Protein chains: 2
Amino acid sequence: MSSLPFAADNSPAPQGAGLPTPAFSPLYQQIKGLILQSLQQGEWKPGESIPSEMELAARFRVSQGTVRKAIDELAAENLVVRRQGKGTFVATHAEQHIQYRFLKLLPDTGDASVEGPAQRSVIDCRRVRASADISRVLALRSGDPVMQAKRILSFAGVPTILEDIWLPGHAFKGLTGEQMANYQGPTYAMFEMDFGVRMVRAEEKIRAVLPDAEQAQLLQVTTATPLLSVERIAYTYNDVPMELRRGLYRTDTHHYRNELS
Amino acid sequence: MSSLPFAADNSPAPQGAGLPTPAFSPLYQQIKGLILQSLQQGEWKPGESIPSEMELAARFRVSQGTVRKAIDELAAENLVVRRQGKGTFVATHAEQHIQYRFLKLLPDTGDASVEGPAQRSVIDCRRVRASADISRVLALRSGDPVMQAKRILSFAGVPTILEDIWLPGHAFKGLTGEQMANYQGPTYAMFEMDFGVRMVRAEEKIRAVLPDAEQAQLLQVTTATPLLSVERIAYTYNDVPMELRRGLYRTDTHHYRNELS
DNA sequence: TAGTGGTCTAGACCACATA
DNA sequence: ATGTGGTCTAGACCACTAC
């Protein structure tokens, strides 16, 4: 029944057993890991509810409080969403009120909801071989197949974001430009639906740059217009990189917003 | 003794009493508010430990678990820091291993620790009257006194950040350029020590810009070098704005790093 | 009415730091 | 040895949601 690595009695797992054993951790961390595994293996799909705290407690043979603490951490990491009276749900990029969870670019006036959804125009989408730097970021070997896409996002008819996207070929086999252009809603939601790939966190490196002639033309600015260069690496469960995205953002009508604490 | 707004018996505060009363909230939220108040009033200074969970539980006449949950939230917001076996400490910008908590600019190679502390050169620091936009951000009236400072941060001898800082005059009376230049460690730590002002969170708006002639000269770049424009509003407790900072970052050797989740 | 997550308590034991 | 925060449990009651 229980697949707990350590018995769920009152004696917690011993620490530092001498050998470099992988991980002796608190019970709730082990439970968290097991839930994570189920999420990863697709036992519950994005948007669906996971079993109740009582059910999970019974399954893992621990108290409800321990399951609660495990779920608390998963919720803090945005992997699941709690809804009082309804249950706990697998987080999804679709159907979230915040249209684009990872996009921090906001219009200078009003908010994103006023602005409405972005118009997408996909310029290119094809299978290529990974260059050295792309393969390094995506933890592939140089020359491995990679899906590459280029597109423009426009707001209120103004081209604002130009981005290149690289995805591991094995996981995104068959991705087409039509798919990227036609899907309503966030691209990350489409990745969940059509490829079963869920991006759970990302890192961005931001710089100020000038566009080259082609980039400037696509964004309808001059080559003397400074742009934000945003390089994003998006990860799925277990810190596995699944996307590299290089974006150029116009910041004459928008700004990148960040909160520090 | 207890200054609890609502009795700490087993019956939680009723919700929605009809009138738009300020806040009926869970017990632990009320406790959190009371601890926050003590922090704010300086009952415990930055870096000091606050009373143990047991002591706080006794003071507020609630269980230790309830205090724990209150402190959990304060710790999640970086207002206090837990240290097992030692106690819970008031967060401070000084003495933190992360040298600059709010500075997200990192060297492209190596990490900040390799780079060492920034050299600061204060160009200007004086008392002025708030312009319309400054006063609006700092929740002052137009013409109210404001301390204004301008400085350059250099890393490894290379001028990298040029920033203008505005602070409410009433709270920062007597701030001098010498003070800003001579203090070892983060400026925010100096604000804590010398003025009792603790910045607890901040918001940033980031854009790509070109410098004017003076800015370019100060940063030793050409006026054709794109720079990050980072406008930061820093807040103390209760979301009171206490600083406006406008920075220009060179991103030829550094980048702005952000984590999304 | 039943089921969910949310709050609160009380007590036990553990890990860590300090004296 | 003592005191701190960290973990785990068990049970009670509440608030929200759906049927």
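Sequence lines set the chain letters: A, B, ... in the order given, protein chains first and strands last, and positions in each chain run from 1. Quick note: numbers below take in every heavy atom, side chains included, and nothing from hydrogens, waters or symmetry partners. Remember, predicted model here, so these are calculated numbers, not experimental data.
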Nearest heavy atom decides the nucleotide; on that basis, is B:Gln29 or A:Glu55 closer to the 5' end of DNA chain C?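 Result of the comparison: A:Glu55.
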With distance as the sole criterion, do the side chain of B:Arg68 and the base of D:dG5 form a donor-acceptor contact below 3.5 Å?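 No, the side chain and the base share no sub-3.5 Å donor-acceptor pair.
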Would you say the side chain of B:Arg83 and the base of D:dG5 hold a donor-acceptor pair, judged only by whether the two atoms sit under 3.5 Å apart?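 Between D:dG5 and B:Arg83, which were checked side chain against base, a qualifying N/O pair under 3.5 Å is absent.
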Salt bridge between [X] and [Y], side-chain N to carboxylate O under 4.0 Å?
X: B:Arg82; Y: B:Glu53; answer: yes
X: A:Glu204; Y: B:Arg257; answer: no
X: A:Lys32; Y: A:Glu73; answer: yes

To the nearest angstrom, how far is [X] atom [atom1] from [N] atom [atom2]?
X: A:Gln30; N: D:dT7; atom1: CD; atom2: C1'; answer: 12 Å
X: B:Leu56; N: D:dG3; atom1: CG; atom2: P; answer: 17 Å
X: A:Met54; N: C:dA2; atom1: CE; atom2: P; answer: 16 Å
X: A:Arg61; N: D:dA10; atom1: CZ; atom2: P; answer: 13 Å
X: B:Ile35; N: D:dG5; atom1: CD1; atom2: P; answer: 11 Å
X: A:Ile71; N: C:dG6; atom1: CD1; atom2: C1'; answer: 13 Å
X: A:Asp72; N: C:dT4; atom1: CG; atom2: C1'; answer: 15 Å
X: A:Phe60; N: D:dC8; atom1: CZ; atom2: P; answer: 14 Å

Shortest side-chain distance from [X], nucleotide among [options]:
X: B:Lys69; options: C:dG6, D:dT9, C:dT7; value: C:dT7
X: A:Arg82; options: C:dG6, C:dT9, D:dT9; value: C:dG6
X: A:Gln84; options: C:dG5, D:dT4, D:dC8; value: C:dG5

More 5' along DNA chain D: A:Lys86 or A:Gly65, using each one's nearest nucleotide?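 This one resolves to A:Gly65.
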Find which nucleotide of DNA chain D each of A:Gln64 and A:Tyr28 is nearest to by heavy atoms, and output the residue with the more 5' nucleotide.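 The residue closer to the strand's 5' end, by nearest nucleotide, is A:Tyr28.
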Return yes when atom CE of A:Met193 has more than 12 non-hydrogen atoms of other residues, nucleotides or ligands closer than 6.0 Å, and no otherwise.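 For A:Met193, atom CE is not crowded (no more than 12 foreign heavy atoms under 6.0 Å).
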Whether B:Tyr188 and B:Phe102 hold their rings parallel, tilted or perpendicular, with breakpoints at 30° and 60°: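 Perpendicular, since the angle between the ring planes exceeds 60°.
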Indicate whether OP1 or OP2 belonging to C:dT4 is found under 4.0 Å from a side-chain N or O atom of A:Ser52.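 True: A:Ser52 side-chain N/O within range (under 4.0 Å) of C:dT4 OP1/OP2.
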For B:Thr88, which contact category applies under a 4.0 Å heavy-atom criterion: base, sugar-phosphate, or nothing?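 Here B:Thr88 touches the backbone only, sparing every base.
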